[in-house]
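One structure below.
Here the structure is a predicted model, which is why all the values come from computation and not from measurement.
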Amino acid sequence: MAEKGAEQDDAPGCRDGPTQQQLNTKSAAAATEPLQTAAEPHTKHTGAAAKETKMSNRGYTQPTNNPETLKPSQSDISAIEAQQGASSDQEEVQLLHLEATEAVKEIGFAVRHAYKSTTLTSTDQTVYINVQTKEECTLCLELSLQGFRVVGHKFDQVDRSCYSRHYETIYALLDDLSLGYRQSFGETLQNRLEALALEQRAEETQAIEGD
């Protein structure tokens, strides 16, 4: 009986420690762990690349901070330049109409009548002004970016045969065409100078009396 017990103790299946098969299994598992760990980053990288490819196929472009890619395209630049040009033209048109209005006010003292035409259509390039001089000469004037010129000798009428050269100001035009304007302008200027001289003398007298 003792011999059988000894034989049973020496049998591999009855040992208290791990069997050779279990040791071999653990060794194989331990050997494969580094390989699995090393493969994980590659798997993540591959997944990110696949996701980026999928998004690219859908027409999605990942945002970038590259200055080269942030430059406006030629079409954007052209659109901006066109918008700026339109804005500049609009400002010029507004100034043109404002100049016509101011011109009518400024020459009122030296002509019989002056007003902007409501019959002839003003555009973004021309404004029409009707003027009757002291000599009762009727003029239809055109104001454009080139200046003032006569375009007719009747109110609200454009006659190509009546076109004059362009004048930089309406004052120069009337000074050249109307003797009554020149005389009125000269008289008005003289009166203003005399009034200014009187004011200056009054201020000087007041200052002396105050001392």
Side-chain angles (χ1 to χ4, degrees), residues 71-72 74-211:
K71 290 181 178 179
Q74 186 61 39
S75 60
D76 292 337
I77 294 175
S78 300
I80 293 172
E81 290 178 348
Q83 185 177 5
Q84 291 176 345
S87 177
S88 177
D89 292 341
Q90 187 176 6
E91 290 178 0
E92 289 182 352
V93 171
Q94 292 176 350
L95 290 175
L96 196 67
H97 284 262
L98 179 61
E99 183 178 359
T101 301
E102 292 300 320
V104 168
K105 293 179 180 179
E106 291 292 330
I107 65 173
F109 71 95
V111 297
R112 290 185 178 274
H113 301 287
Y115 59 94
K116 289 171 63 176
S117 175
T118 56
T119 302
L120 295 175
T121 302
S122 297
T123 67
D124 57 349
Q125 297 180 350
T126 56
V127 180
Y128 295 96
I129 302 172
N130 292 321
V131 174
Q132 185 179 39
T133 66
K134 292 285 189 180
E135 298 83 7
E136 297 186 358
C137 176
T138 56
L139 301 172
C140 182
L141 308 181
E142 176 193 80
L143 170 61
S144 65
L145 296 178
Q146 287 74 37
F148 293 85
R149 70 174 176 176
V150 177
V151 294
H153 288 287
K154 292 182 179 181
F155 287 167
D156 302 319
Q157 186 175 37
V158 176
D159 184 354
R160 291 183 178 274
S161 63
C162 300
Y163 282 9
S164 70
R165 69 180 181 88
H166 283 96
Y167 294 82
E168 186 175 353
T169 66
I170 196 170
Y171 318 115
L173 184 150
L174 291 174
D175 186 74
D176 194 23
L177 299 179
S178 173
L179 176 61
Y181 172 82
R182 289 198 300 272
Q183 292 175 344
S184 296
F185 182 84
E187 291 173 1
T188 302
L189 179 61
Q190 182 64 31
N191 292 336
R192 289 181 180 177
L193 290 175
E194 290 177 358
L196 182 61
L198 290 174
E199 289 180 4
Q200 188 174 0
R201 289 175 186 173
E203 290 177 356
E204 291 175 354
T205 302
Q206 212 171 20
I208 293 174
E209 293 176 353
D211 294 339

Next on the checklist: I'd like to know if the side chain of E142 reaches the main chain of T126, judged simply by a donor and an acceptor atom lying under 3.5 Å from each other, with no hydrogens or angles considered.
Outcome noted: no
Checklist outcome for this item: In this structure, OG of S164 is separated from CG of D176 (nearest 0.5 Å) by 9.0 Å
Item to check | Atom pair CG/OG1 of L193 and T188 - distance to nearest 0.5 Å | outcome: 11.0 Å
Checklist entry - Is the closest side-chain heavy-atom distance between T133 and L177 below 4.5 Å? => result no
Next on the checklist: Give me the atom names and distance for the closest heavy-atom approach of K134 to R112.
Outcome noted: O-NE, 3.3 Å
Checklist entry - Taking it one step at a time, do E136 and Q132 satisfy side chain to side chain donor-acceptor pair (under 3.5 Å)? => result CA-CA 6 Å; E136 297 186 358; Q132 185 179 39; 5.2 Å; no
Next on the checklist: Counting neighbours of CZ on F185 that are heavy atoms of other residues, nucleotides or ligands and sit closer than 6.0 Å, is the number greater than 12?
Outcome noted: no
Checklist entry - Does the side chain of L139 reach to within under 4.5 Å of the side chain of H153, using non-hydrogen atoms? => result yes
Checklist entry - Do the non-hydrogen side-chain atoms of E106 and T169 ever get within less than 4.5 Å of each other? => result no
Next on the checklist: Distance check, rounded to the nearest 0.5 Å: T138 atom OG1 versus H113 atom NE2?
Outcome noted: 11.0 Å
Item to check | Point-to-point distance, once rounded to the nearest 0.5 Å, from CG of L141 to CG of L174 | outcome: 7.0 Å
Checklist entry - For the residue pair L96 and D124, what are the closest heavy atoms and their distance? => result CD2-O, 4.3 Å
Next on the checklist: Under a plain distance cut-off of 3.5 Å, with no hydrogens placed, do Q183 and E187 share a side-chain donor-acceptor pair?
Outcome noted: no
Next on the checklist: Can you tell me how far apart CD (Q157) and CG (L120) are? Round to the nearest 0.5 Å.
Outcome noted: 9.0 Å
Checklist entry - Which of parallel (below 30°), tilted (30 to 60°) and perpendicular (above 60°) describes Y181 and F109? => result tilted
Item to check | Residue of the set R149, H166, Q125 for which side chain to side chain contact (heavy atoms under 4.5 Å, CB included) holds with S144 | outcome: H166
Checklist outcome for this item: In short, T119 meets S117 closest at the heavy-atom pair N-OG, 3.3 Å
Checklist entry - About how many Å separate CD1 of I129 and OG1 of T101, when rounded to the nearest 0.5 Å? => result 8.0 Å
Item to check | Any side-chain heavy-atom pair of C140 and Y128 under 4.5 Å | outcome: yes
Checklist entry - More than 12 foreign heavy atoms under 6.0 Å from CD of E168: is that the case here? => result no
